[in-house]
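Working notes, beginning with the structure itself.
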Amino acid sequence: MKLKKLMHDFLQDYLDENKIEFSEWGVNVNNQEGFGDYSSNIALKLAKILKKAPIEIAENIAIHPNASESVFTLSASQPGFVNFHISNDYYLKILKQIINESENFGKKKKLNKSANVEFVSSNPTGPLTVGHGRQAILGDMVSNILTWNGYNVTREYYYNDAGKQMRVLAESCYAKYAKQVGRDVEMPENGYVGTYLDEIAEKIVNEHGKDLESDNPIFRDFTEKEIFANIENTLENLGIKFDVFTKEGTFYKNGAIDNVLKILKEKNLSYEKDGAVWFKTSSLNKEEDKVLVKSSGEPTYRLPDIAYHADKVDRGFDLIVDIFGADHIDTYPDVILGLKCMDKKTEHIKVVIHQFVTIKKGGEIVKMSTRKANFITLDELKDELSSDIIRYFFIMRGANSHLDFDLDLAKDESEKNPVYYLQYANARISNLLKRYDKEISTDSKIDYSLLKEKDEIALVKLLSEFPVKMEDVLHSLEPRKIATYLEEVAAAYHKFYGNHKVINSQNTHLSSARKKLCEATKIILTNGLSILGISAPERM
RNA sequence: GCCCCGGUAGCUCAGCUGGAUAGAGCAACGGAUUUCUAAUCCGUAGGUCACAGGUUCGAAUCCUGUCCGGGGUACCA
């Protein structure tokens, strides 16, 4: 980051010196060889304004007095790029810094800012599915990213303990119970038929006897408790823990829902029609109005969601992140709109949408529905795959892309999973460091300047980009980008490792410097993996 | 119909705030192990970045249209 500033300052100085007011330019990392480490398009952009050939301007900039000569030198290249060649010295300083700051390298200091991340939020009507898994992993990693960047993060799970779904669940459970005690009761329409309910019904028989009537609250409360315990357990197996669980019912009891209705009515943004209460979204640039309270008197999900979000806003977080599945794309704007109508702040609410997961089994796509019980649960997945692999699998694609989770492939090819590539790099280093200590001693003063091989410098350059990557990720909230970066780091390390020997008793000075490079790589890998919640084993 | 995602190598995908020669893994083929963990590395081969226009000095990236695939369009959540 400091580097970027130096480069910007240099270019800005050129502009100031020549009295040019212009800001439509940038500096980019160069991945291709031969054009320096970074380059700017400033000359290309200036060409039109100055009415000069871009290459001429670039050459002019390249000979502009450079106050940061120890950090970079300049060159110009066709068709008019200004190239920055960073000195090895600069990179080696960063290397030293990585070693010194270790697990804090690239980490932001505590900001005294708070963030709330809401995710999973699956209603306790059944075990979590693989689809929920994507959201769980994504939410957990987003939380880690925010923590890493200095936020004090609250992980929140919001669920509906009060609506129609839970009623149907209770009825379904009763139907299962009735069957077990020999009563003839039909499964309700759209009931839940999963075998997990049979097990719960059996437990009810064992613990509460066979004489319960259909209206006994046990069928709802016991079932909810059982399922929820199962959900928490599933999440914990993946290393995910929530700080706060919020029940929808709370907002009925404390009057928040009535309050939303009251405010909207006062503002003339709601009305009654056909026995239902409507949100006049058409007057707010929406195509049609939406129902808030059904004619049956039950609110739609929209209303409690608005009350819930208003509550989150009132709790004063500096940042609110909602992780939603693609099915919420159309609905969250209504909630935001509701908040605006209540004069609540909404600019600090970020929504991360992820596309769905489809499961491939035996080469075929499995359509999943909790009601129909043909889903694959997260637990089942966990039985076959490690938490590390599951975590990595779910972020192998960007959140905004569909994810085909090929179960057979995940099992068969677990040896080839890219997560092993990262972990192996770390294990290799760990082993090397152990051997190093046995075989030779480290110099008391390290001469970093001995590192000048191409592979060495390329690796350090990559390592030095870690803080910038982490800052990028704070904006995109896309864990996939960390994984991509770490894969690059691992590749650069494996390459270095293959071409250069670290332990060499004939040249302990060079060995000592290379050892430090290994240590720094390990630090970056460990830090990155910790954000992803993936282990960094010492041996494999 | 309308809305949201996606279409890049045989397969799975990176790259997308416009930048120089479009990358990786798998699969195929050929190499590297008396040497710090070969779960690795090196090399060969593989491309009309869906298609057509447009903007630009410059487009996989931005805009428009078309085609194909997925999802959403409830007084379900």
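By convention in this document, chain letters (A, B, ...) are assigned in the order of the sequence lines, proteins followed by strands, and residues within each chain are numbered from 1.
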Hey, is A:E519 close enough to A:K516 for a salt bridge, meaning N to O under 4.0 Å? yes

Hey, can you tell me if A:Y332 and A:F324 have their rings parallel, tilted or perpendicular (30° and 60° cut-offs)? tilted

Within the structure shown, what part of the strands sits under 4.0 Å from A:G398 by heavy-atom distance: base, sugar-phosphate, or nothing? sugar-phosphate

Rounding to a whole Å, what distance do you find between A:N426:CG and B:U40:P? 15 Å

Closest approach to the side chain of A:R428, judged atom by atom: which nucleotide of B:C75, B:U40, B:G71 is it? B:U40

Do any side-chain nitrogens or oxygens of A:K434 fall under 4.0 Å of OP1 or OP2 in B:C36? no

Which of the following nucleotides, B:C36, B:A20, B:C41, is nearest to the side chain of A:V502? B:C36

For A:P418 and A:E439, find the nucleotide of RNA chain B closest to each by heavy atoms; which residue's nucleotide sits nearer the 5' end? A:P418

I'd like to check, for A:F81, whether its ring lies over the base of B:A20 with centroids under 5.5 Å apart and a plane angle smaller than 30°. yes

Hey, is the side chain of A:K45 poking within less than 4.0 Å of OP1 or OP2 on B:C57, counting only N and O atoms? no

A:E538 near the nucleic acid: base, sugar-phosphate alone, or nothing, with a heavy-atom cut-off under 4.0 Å? base

For B:C57, does OP1 or OP2 lie under 4.0 Å from any side-chain N or O of A:K48? yes

Which nucleotide in B:C36, B:C75, B:C13 has an atom nearest any side-chain atom of A:I503: B:C36

Mate of B:C41 where both pairing distances stay under 3.5 Å, Watson-Crick or G-U: B:G31

Between B:G7 and B:G43 - C1' atom distance, rounded Å: 31 Å

Identify which nucleotide among B:A77, B:G70, B:U40 has an atom closest to any side-chain atom of A:Y421, counting heavy atoms from C-beta outward. B:U40

Protein-nucleotide distance (A:K294, atom NZ; B:A77, atom C1'), rounded to Å: 9 Å

Partner lookup for B:G6, please. Criteria are Watson-Crick or G-U wobble with both distances under 3.5 angstrom; report none if nothing qualifies. B:C68

Side-chain donor/acceptor contact of A:N28 with base of B:G19 under 3.5 Å: no

What's the closest nucleotide to the side chain of A:A326 if the choices are B:A39, B:A14, B:G71? B:G71

Pair partner, B:C75 [Watson-Crick or wobble, under 3.5 Å]: none

Would you mind writing out the side-chain donor-acceptor pairs for residues 486-498 of chain A within the sub-3.5 Å range, not counting sequence neighbours?
{"unit_1": "A:E487", "atom_1": "OE2", "unit_2": "A:Y392", "atom_2": "OH", "d": "2.4"}
{"unit_1": "A:H494", "atom_1": "ND1", "unit_2": "A:R428", "atom_2": "NH1", "d": "3.0"}
{"unit_1": "A:H494", "atom_1": "NE2", "unit_2": "A:Y421", "atom_2": "O", "d": "3.4"}

Under 4.0 Å between a side-chain N/O of A:K495 and OP1 or OP2 of B:A24, yes or no? no

Got a sec, which residues hit side-chain contact (heavy atoms from CB on, under 4.5 Å) with A:T442, two or more places apart in sequence or on another chain? A:Y436, A:I446, A:S512, A:K515

Can a donor-acceptor pair under 3.5 Å be found between the side-chain atoms of A:T300 and the base atoms of B:C75? no

Just say parallel, tilted or perpendicular for the rings of A:F72 and A:F84, cut-offs at 30° and 60°. perpendicular

Figure out the CE/C1' separation between A:M396 and B:C11, and round it to whole Å. 13 Å

Determine the Euclidean distance between corresponding P atoms of B:U61 and B:A45; express it in Å to zero decimal places. 27 Å

For A:R302, answer base if it contacts any base atom (sugar-phosphate contacts may also be present), sugar-phosphate if it contacts only those atoms, and nothing otherwise; contact means non-hydrogen atoms under 4.0 Å. nothing

Both distances below 3.5 Å, Watson-Crick or wobble geometry, any strand: find the nucleotide opposite B:A22. none

Residue met sooner reading RNA chain B from 5', once A:A490 and A:R539 are mapped to nucleotides: A:R539

Go through B:C13, B:C41, B:C5 for me and flag the one nearest to the A:N400 side chain. B:C5

For atom P, what is the distance between B:G25 and B:G1, given to the nearest Å? 42 Å

Integer angstrom distance from the C1' of B:G18 to that of B:U12: 27 Å

Rounded to whole Å, the CD-P distance (A:E288 to B:G1) equals 17 Å

Which nucleotide wins on minimum distance to the side chain of A:N41, given the candidates B:C41, B:G19, B:U35? B:G19

Rounding to an integer number of angstrom, what distance separates B:C36 and B:G58 when you compare their C1' atoms? 47 Å

From B:A20, B:C75, B:G69, nucleotide with atom closest to A:F35 side chain: B:A20

Select one nucleotide: of B:A14, B:C75, B:C16, the one nearest the side-chain heavy atoms of A:K481. B:C16

Please determine whether salt bridge (Lys or Arg N to Asp or Glu O under 4.0 Å) holds for the pair A:E298 and A:R167, giving the CA-CA distance in whole Å, both sets of side-chain angles, and the decisive distance to 0.1 Å. CA-CA 12 Å; A:E298 275 181 281; A:R167 207 173 56 228; 3.4 Å; yes

Does NZ or CZ of A:K45 lie under 6.0 Å from the centre of the six-membered ring of A:W25, at an angle within 45° of the ring axis? no

Lys NZ or Arg CZ of A:K247 over A:F228 ring: under 6.0 Å, within 45°: no

Tell me: NZ of A:K52 to P of B:C57, nearest whole Å? 19 Å

Out of B:A77, B:C36, B:G19, which nucleotide sits closest to the side chain of A:R435? B:C36

What's A:S295 touching, base or sugar-phosphate or nothing? Going by heavy atoms closer than 4.0 Å. base

